[in-house]
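The structure appears below as structure tokens.
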Amino acid sequence: MKSNNRQKAEDSHLKKYAKYAHVLQKTKWAREFSWEHIQKICFYIEPVIAKPGAIVFKEGDTDKSLGIIVKGAIDILKENTRVSTLTSSQTFGEMALIDGEPRSASGIAVKETVIFFMTQENLILLTRDDPELGVQLMWKISKLISQRLRQTTGMLVDYMGEY
């Protein structure tokens with residue numbers, strides 16, 4: 001039989017993850033996941049609150065993690081030039097998560113921003129624990145990378161057409 005203190009600690013732990021799941025569920029990012037899967041994903045994420053002006057990640061950093069913005073916004077900078085602004089439901093770090101290469105840009109919080117991070121290690125653990133969810137998550141990440149590549153290719157074609 002579990003001690004009363006241990007049971008209270010477990011209940012508190014579960015409530016914390018349920019709170020994360022309710023926050024994540026409100027994002028467009030989570031639309032294609034079931035409630036059960038959203039709850040499960042939250043066991044593998046780490047929430048971070050970034051104050052305005054905080055460096056979320058730096059170009060060249062080698063952390064292998066994906067960030068899901070659940071509230072707020074971050075500017076993406078390449079060599080100190082803003083190339084885009086990401087807002088709620090958008091992600092960053094898909095390539096770093098998958099290939100482990102250094103970050104190709106920096107991210108600075110525009111205002112108070114809440115980000116759910118998933119590390120490469122936690123993605124592997126999630127995939128071992130629930131292979132179906134792991135494949136669904138990898139599929140989503142692959143689609144995001146593909147969409148970004150198409151956008152970048154379109155921008156490159158437009159840029160080259162100017163010359």
Side-chain angles (χ1 to χ4, degrees), residues 1-58 61-76 84-149:
M1 187 166 138
K2 293 181 184 174
S3 73
N4 201 21
N5 287 340
R6 184 172 172 193
Q7 184 63 46
K8 285 180 185 178
E10 283 182 21
D11 289 347
S12 173
H13 191 69
L14 290 174
K15 284 180 186 176
K16 175 177 76 171
Y17 288 108
K19 182 180 176 184
Y20 297 165
H22 285 289
V23 171
L24 187 58
Q25 182 187 33
K26 293 177 184 174
T27 67
K28 291 177 193 171
W29 182 89
R31 280 186 184 160
E32 57 200 68
F33 295 100
S34 69
W35 172 243
E36 178 185 321
H37 281 166
I38 292 169
Q39 289 177 296
K40 203 171 276 187
I41 288 168
C42 288
F43 283 105
Y44 299 90
I45 57 100
E46 179 184 332
V48 171
I49 298 173
K51 300 289 183 198
I55 298 170
V56 177
F57 57 91
K58 287 169 64 174
D61 281 354
T62 56
D63 65 308
K64 302 171 189 173
S65 64
L66 166 77
I68 305 163
I69 301 170
V70 295
K71 177 187 171 198
I74 63 170
D75 279 340
I76 304 300
S84 69
T85 299
L86 302 178
T87 60
S88 182
S89 297
Q90 292 185 295
T91 60
F92 57 88
E94 297 89 355
M95 293 189 313
L97 179 74
I98 301 302
D99 67 14
E101 292 294 317
R103 300 271 184 191
S104 61
S106 298
I108 309 291
V110 175
K111 53 187 172 183
E112 185 170 278
T113 302
V114 179
I115 305 158
F116 285 178
F117 281 97
M118 178 177 284
T119 63
Q120 187 181 69
E121 181 181 337
N122 280 351
L123 176 61
I124 291 167
L125 289 172
L126 181 151
T127 302
R128 285 184 188 151
D129 293 345
D130 189 332
E132 180 184 331
L133 177 56
V135 167
Q136 186 179 2
L137 194 53
M138 289 299 295
W139 190 256
K140 178 155 187 83
I141 291 166
S142 298
K143 287 193 309 188
L144 291 168
I145 291 171
S146 177
Q147 289 167 353
R148 293 242 172 89
L149 181 57

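Values below: all heavy atoms of this structure, side chains included; hydrogens, waters and symmetry mates excluded.
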- Message: Run His37 and Leu137 through side-chain contact (heavy atoms from CB on, under 4.5 Å) and show every step you take.
- Response: CA-CA 10 Å; His37 281 166; Leu137 194 53; over 6 Å; no
- Message: Rounded at 0.5 Å granularity, tell me how far CD1 in Ile38 sits from CZ in Arg31.
- Response: 11.5 Å
- Query: So which pairs with a foot in residues 113-127 pass side chain to side chain donor-acceptor pair (under 3.5 Å), sequence neighbours left out?
  - Reply: none
- Does any non-hydrogen side-chain atom of Phe33 lie less than 4.5 Å from one of Leu24? no
- Note on the structure: To the nearest 0.5 Å, atom CD1 of Ile68 lies from atom CD1 of Ile115 at 10.5 Å
- Task: Give a yes or no answer on whether the side chain of Ser88 reaches the backbone of Gly72 with a donor-acceptor pair at less than 3.5 Å.
- Result: no
- Task: Please name all residues satisfying ring-ring contact (aromatic ring centres under 6.0 Å, His included) with Trp35, sequence neighbours left out, ordered by chain then number.
- Result: His22
- Query: Backbone N or O of Thr87 within a donor-acceptor pair of the Gln90 side chain at under 3.5 Å?
  - Reply: yes
- Item | Straight-line distance of Leu66 CG to Phe116 CZ, nearest 0.5 Å | 12.5 Å
- Spatial distance of atom CD1 (Ile145) from atom CE (Met138) [nearest 0.5 Å]: 7.5 Å
- Less than 4.5 Å apart, any side-chain heavy atom of Leu126 and any of Lys40? no
Under 3.5 Å, side-chain donor or acceptor atoms of residues 44-56 against the rest of the protein: list the pairs with distances, not counting sequence neighbours.
residue, atom, partner, partner atom, Å
Tyr44, OH, Asp129, OD2, 2.3
Lys51, NZ, Glu112, OE1, 3.0

Using a 3.5 Å cut-off and no angle test, enumerate the donor-acceptor pairs between side-chain atoms of residues 96-107 and protein atoms at least two apart in sequence or in another chain.
residue, atom, partner, partner atom, Å
Asp99, OD1, Glu101, N, 2.9
Arg103, NE, Asp63, OD1, 3.2
Arg103, NH1, Ser65, O, 3.4
Arg103, NH2, Asp63, OD2, 2.8
Arg103, NH2, Ser65, O, 3.0
Arg103, NH2, Ser65, OG, 3.0
Ser106, OG, Glu59, N, 2.8

- Return the set of residues passing side-chain hydrogen bond (donor to acceptor under 3.5 Å, both in side chains) with Lys58 (not counting sequence neighbours), or none when no residue passes. none
- Item | Test salt bridge (charged side-chain N to carboxylate O under 4.0 Å, His left out) applied to Lys26 - qualifying residues, sequence neighbours left out | none
- Could you walk me through whether Arg148 and Thr91 pass side-chain contact (heavy atoms from CB on, under 4.5 Å), step by step? CA-CA 11 Å; Arg148 293 242 172 89; Thr91 60; 3.9 Å; yes
- Query: Does Phe57 have its ring centroid less than 6.0 Å away from the ring centroid of Phe92?
  - Reply: yes
- Item | Check ion pair Glu94-Lys140 (N to O, under 4.0 angstrom) | no
- Is there side-chain contact between Lys64 and Leu123, with at least one heavy-atom pair below 4.5 Å? no
- Report yes if some heavy atom in the side chain of Lys143 is under 4.5 Å from a heavy atom in the side chain of Glu32; otherwise report no. yes
- To the nearest 0.5 Å, how far apart are CD1 in Ile74 and CG in Leu86? 5.0 Å
- Enter the distance from Asp130:CG to Glu36:CD here, rounded to the nearest 0.5 Å. 7.5 Å
